2 protein chains.
Amino acid sequence: MGGMKVRGRMSRVRPTIEDVARAAGVSRATASRVINNAPGASGPLRARVSAAVAELGYQPNETARALASGRQRAVDVVAVTYGPGPGWLATHPYFSRVLAGMMPVLERVDAQLRLHAVGLRSSAAAIDEIADNAGLGVVLADITPALAVRVHRRCRRTVSLVPTAPSVPGVEADNIGGAYAAVNELHQRGCRRIAAIHGPAANPCAIDRRTGYRQAVDALGLAELSADGDFRREGGYHAAQRLLEQHPDIDAMFIACDLMAAGAIQAITASGRRVPHDISIIGFDDSIAAVCTNPPLTTMRLPVEDMAAAATRLLLEGTPSAGYRQRFPVDLVVRDSTCR
Amino acid sequence: MGGMKVRGRMSRVRPTIEDVARAAGVSRATASRVINNAPGASGPLRARVSAAVAELGYQPNETARALASGRQRAVDVVAVTYGPGPGWLATHPYFSRVLAGMMPVLERVDAQLRLHAVGLRSSAAAIDEIADNAGLGVVLADITPALAVRVHRRCRRTVSLVPTAPSVPGVEADNIGGAYAAVNELHQRGCRRIAAIHGPAANPCAIDRRTGYRQAVDALGLAELSADGDFRREGGYHAAQRLLEQHPDIDAMFIACDLMAAGAIQAITASGRRVPHDISIIGFDDSIAAVCTNPPLTTMRLPVEDMAAAATRLLLEGTPSAGYRQRFPVDLVVRDSTCR
DNA sequence: TTGAAAGCGCTAACAA
DNA sequence: TTGTTAGCGCTTTCAA
């Protein structure tokens with residue numbers, strides 16, 4: 001039976017393109033053409049259809065559109081959370097910045113952003129589903145190399161913002177170089193006992209920053225004084241406490257993220273020492289935390305917004321070739337946590 | 001002609017449920033049943049289908065699923081940005097917190113989160129499209145009353161996290177009461193020249209906090225000493241400077257958000273005054289900024305994560321009735337920016 | 001330029 | 001329990 005839709009005066013059934021076509025006295029095809037501003041439909045008909053659209057308050061059903069055309073208007077962002085519980089990443093300034101970088105470019109093409117938080121455990125299956133149902137592409141905001149490869153295998157329109165595997169297209173920052181430069185800067189300012197507070201052992205960015213610190217300290221003939229953090233303020237606080245206790249003669253710290261640096265400053269201050277007078281500090285990220293501390297942080301700027309915007313544009317343009325790389329520098333931003 | 005799909009050895013055409021059914025030697029309906037874990041299909045067939053799914057690496061097409069079933073598996077979040085350019089909201093700690101609150105509850109039901117950043121101008125049309133294509137529901141993270149009404153008119157499954165119109169379901173914090181309590185706290189601690197730094201004039205939360213400040217100051221018989229900010233650190237810095245210049249005898253500040261408070265502390269410190277010795281400060285939000293400052297901020301805690309989680313659960317449960325309200329308290333969190 | 005008609009991949013009556 | 005058959009609302013050949 002033809003589906004004789006009940007549509008009383010009060011009924012709020014959303015009008016379909018069929019309704020528009022009928023109201024305009026044209027075929028669905030024609031209605032579709034003018035609605036999509038496509039060629040091959042014209043003159044008075046365009047006007048009639050437009051009028052019908054306006055009168056009915058018609059809005060295309062994006063789901064149907066996506067199914068029929070095979071195109072979607074959303075970019076997927078996936079972040080596997082290393083931290084305690086899902087949600088902690090969302091709280092981290094880094095994550096806000098990737099969103100902040102992506103939104104303006106998406107808004108310009110009128111696309112949305114789909115967020116997927118994936119627990120480190122539940123991931124494998126969830127990852128496949130995301131990859132298979134990806135829209136315009138997927139941006140890997142934070143992920144392990146293994147998982148990145150898995151996504152890329154199922155969806156070529158993928159870009160990672162963190163170091164992963166050689167095959168996965170990436171928009172990367174020079175984490176190693178940045179960390180190296182930070183230690184060098186500290187050394188040039190006369191510091192000789194340069195400690196470090198690192199990020200999570202499994203985090204690819206943290207790994208690179210750790211590597212950069214080690215290389216620099218080796219090259220300069222300094223002692224390695226490391227403590228492990230978790231990219232959170234609390235972790236930075238406690239790591240700094242430990243460092244101060246074990247090595248009271250520390251005169252500088254390189255800290256793998258600003259949030260931890262904020263905690264470290266508090267620990268240092270609480271121990272009776274002053275920043276930068278007694279201990280110089282260089283953070284990493286140049287996130288919102290860097291300008292909230294007292295003194296404001298000297299830090300290595302990670303151009304997250306730029307990177308996220310570049311990744312998004314890349315996806316919008318097409319499918320990046322396997323192994324694609326775009327590199328971003330990590331520059332020193334001098335504020336007040338370094339002496340001299 | 002029947003679409004004889006070309007599917008050579010190397011071809012990577014995604015398998016459909018049709019393929020699964022064929023491979024398992026069952027009908028599409030049966031395949032669908034076992035894939036969806038629905039009743040009315042069983043024993044050996046379930047096994048055969050599962051095997052086929054595994055072998056083919058089948059993943060349901062969510063778009064087709066949504067169209068056919070009329071159900072979606074995503075919640076929409078909309079934020080109209082008051083600030084300079086899109087993206088600034090995403091940078092603000094508030095926004096991260098709503099995401100952080102929503103993600104865990106969405107992850108539990110395996111749903112996604114769709115983000116829509118809407119410029120204050122481009123909004124009306126964009127808003128309609130979002131409302132008409134909403135999934136499980138829409139969470140209004142930041143919006144004007146007019147726009148909120150507009151969304152709610154087109155999509156009943158809407159909840160706002162900020163004060164809007166009476167009809168729009170809301171999960172609200174007691175902004176007025178919080179601001180009032182802050183001023184009272186300052187007064188009880190002996191402060192008598194209590195200034196305020198407010199948020200954007202058009203922001204509903206900012207409006208309420210301003211109201212709370214005025215009411216308190218009136219009730220206590222104190223002078224109103226107000227400056228306008230923008231919910232950003234820079235704005236807080238400059239507002240504090242102005243305040244200090246115009247009213248050098250200020251002994252406390254109530255600041256409508258922690259980010260501005262961070263800026264204010266820097267301005268106060270730069271002027272040679274000390275926090276809290278010379279000037280006590282109470283912020284608002286209890287965001288990440290509150291614990292990064294030096295000294296850490298005494299602030300009024302806005303339970304954003306809880307509110308966002310509650311809003312999400314509400315949407316997941318069904319359609320909130322018009323005018324629905326759930327209220328959250330705004331409690332004092334004492335840290336070190338208040339004297340005594 | 002316009003319309004008829006065949007799907008997109010799936011779900012959900014309805015029959016068997 | 002299983003399969004058959006309509007659609008979901010739209011885009012897009014293909015004819016006219």
Side-chain angles (χ1 to χ4, degrees), chain A residues 1-7 13-50 52-53 56-73 129 132-135, chain B residues 1-7 13-50 52-53 56-73 129 132-135:
Chain A
M1 306 288 87
M4 193 40 156
K5 282 181 209 164
V6 180
R7 191 174 300 214
V13 181
R14 226 178 119 182
T16 70
I17 197 173
E18 179 78 51
D19 298 319
V20 171
R22 199 179 312 131
V26 302
S27 71
R28 248 163 43 207
T30 299
S32 175
R33 289 183 191 112
V34 3
I35 288 166
N36 290 292
N37 229 316
S42 220
L45 288 207
R46 277 197 128 71
R48 295 227 306 269
V49 172
S50 301
V53 165
L56 298 178
Y58 171 77
Q59 281 282 349
N61 177 322
E62 289 303 331
T63 304
R65 223 178 212 185
L67 181 60
S69 68
R71 285 174 246 118
Q72 291 204 228
R73 277 183 24 207
E129 194 197 319
D132 278 337
N133 285 291
Chain B
M1 306 290 90
M4 193 38 157
K5 281 181 210 164
V6 181
R7 192 175 299 215
V13 182
R14 228 179 119 180
T16 72
I17 198 173
E18 180 78 52
D19 299 319
V20 172
R22 198 179 313 132
V26 302
S27 72
R28 249 167 40 211
T30 297
S32 175
R33 286 182 193 115
V34 3
I35 288 165
N36 290 292
N37 229 315
S42 218
L45 288 206
R46 277 197 128 69
R48 296 226 307 268
V49 172
S50 301
V53 165
L56 298 178
Y58 171 77
Q59 281 282 347
N61 177 322
E62 289 302 332
T63 303
R65 220 177 216 184
L67 180 60
S69 69
R71 283 175 246 118
Q72 290 204 233
R73 277 182 26 204
E129 194 197 319
D132 278 337
N133 286 292

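Chain A is the first sequence line, chain B the second, and so forth, proteins listed ahead of strands; every chain is numbered from 1. This is a predicted model, so every value here is computed, not measured.
- Residue side chain R14(B) does not reach the base of dG9(C) through any donor-acceptor N/O pair under 3.5 Å, judged by distance alone.
- Side-chain contact between E62(B) and E129(A) is present, with at least one heavy-atom pair separated by less than 4.5 Å.
- At distances below 3.5 Å, not a single donor-acceptor pair connects side-chain atoms of S32(A) with backbone N or O atoms of R28(A).
- Atom CZ of R71(B) and atom C1' of dG7(D) are 15 Å apart (whole Å).
- Rounded to whole Å, the distance from CD1 on I35(B) to C1' on dG9(C) is 11 Å.
- Going from atom CD of E18(B) over to atom P of dG9(C) covers 10 Å, rounded to whole Å.
- Within 4.0 Å (heavy atoms only), A41(A) reaches sugar-phosphate atoms of the nucleic acid but no base atom.
- Between N133(B) atom CG and dC8(D) atom C1' the separation is 14 Å, expressed in whole Å.
- Between the CZ atom of R22(B) and the P atom of dT2(D) there is a distance of 20 Å, rounded to whole Å.
- When the side chain to side chain donor-acceptor pair (under 3.5 Å) test is applied to Q59(A), no partner is found at least two apart in sequence or on another chain.
- For R22(B), the side chain to side chain contact (heavy atoms under 4.5 Å, CB included) partners two or more places apart in sequence, or in a different chain, are E18(B), D19(B).
- Note on G40(A): a base of the nucleic acid sits closer than 4.0 angstrom, heavy atoms only.
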field: From CA spacing to verdict: side chain to side chain contact (heavy atoms under 4.5 Å, CB included), L45(B), V34(B)
entry: CA-CA 8 Å; L45(B) 288 206; V34(B) 3; 6.0 Å; no
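- The side chain of S27(A) contributes no N or O atom lying less than 4.0 Å from OP1 or OP2 of dA4(C).
- For the helix from dT1(C)-dA16(D) to dA16(C)-dT1(D), the rotation axes defined at the first and last 5 base pairs enclose an angle of 40°, given to the nearest 10°.
- For the residue pair Y58(B) and T16(B), the shortest heavy atom distance occurs at CE1-C, 3.5 Å.
- Side-chain proximity of R33(A) to dC14(D), dA12(C), dC10(D): nearest is dC14(D).
- The side chain of N36(A) has dT11(D) as its nearest neighbour among dT11(D), dG9(C), dG3(C).
- Side chain of S69(B), nearest nucleotide from dG3(D), dT11(C), dT11(D): dT11(C).
- Side chain of R14(A) to backbone of D132(B): a donor-acceptor contact under 3.5 angstrom is found.
- Evaluation of atom-type donor-acceptor distances gives a pair under 3.5 Å for the side chain of R28(B) against the base of dT11(C).
- Of the candidate nucleotides dC10(D), dA13(C), dT12(D), dT12(D) has the atom lying nearest to any side-chain atom of S32(A).
- If you measure from atom CD1 of I17(B) to atom P of dA12(C), you get 11 Å, rounded to the nearest angstrom.
- Within residues 58-68 of chain B, the residues approaching DNA chain D are L67(B), A68(B), by heavy-atom distance under 4.0 Å.
- Distance check: R33(A) CZ to R46(A) CZ gives 10.0 Å after rounding to the nearest 0.5 Å.
- Residues passing the side chain to side chain contact (heavy atoms under 4.5 Å, CB included) test with Q72(B), sequence neighbours excluded: T63(A), A66(B), R114(B).
- Under the side chain to side chain contact (heavy atoms under 4.5 Å, CB included) criterion, A24(A) pairs with V26(A), R48(A), V49(A), A52(A), sequence neighbours left out.
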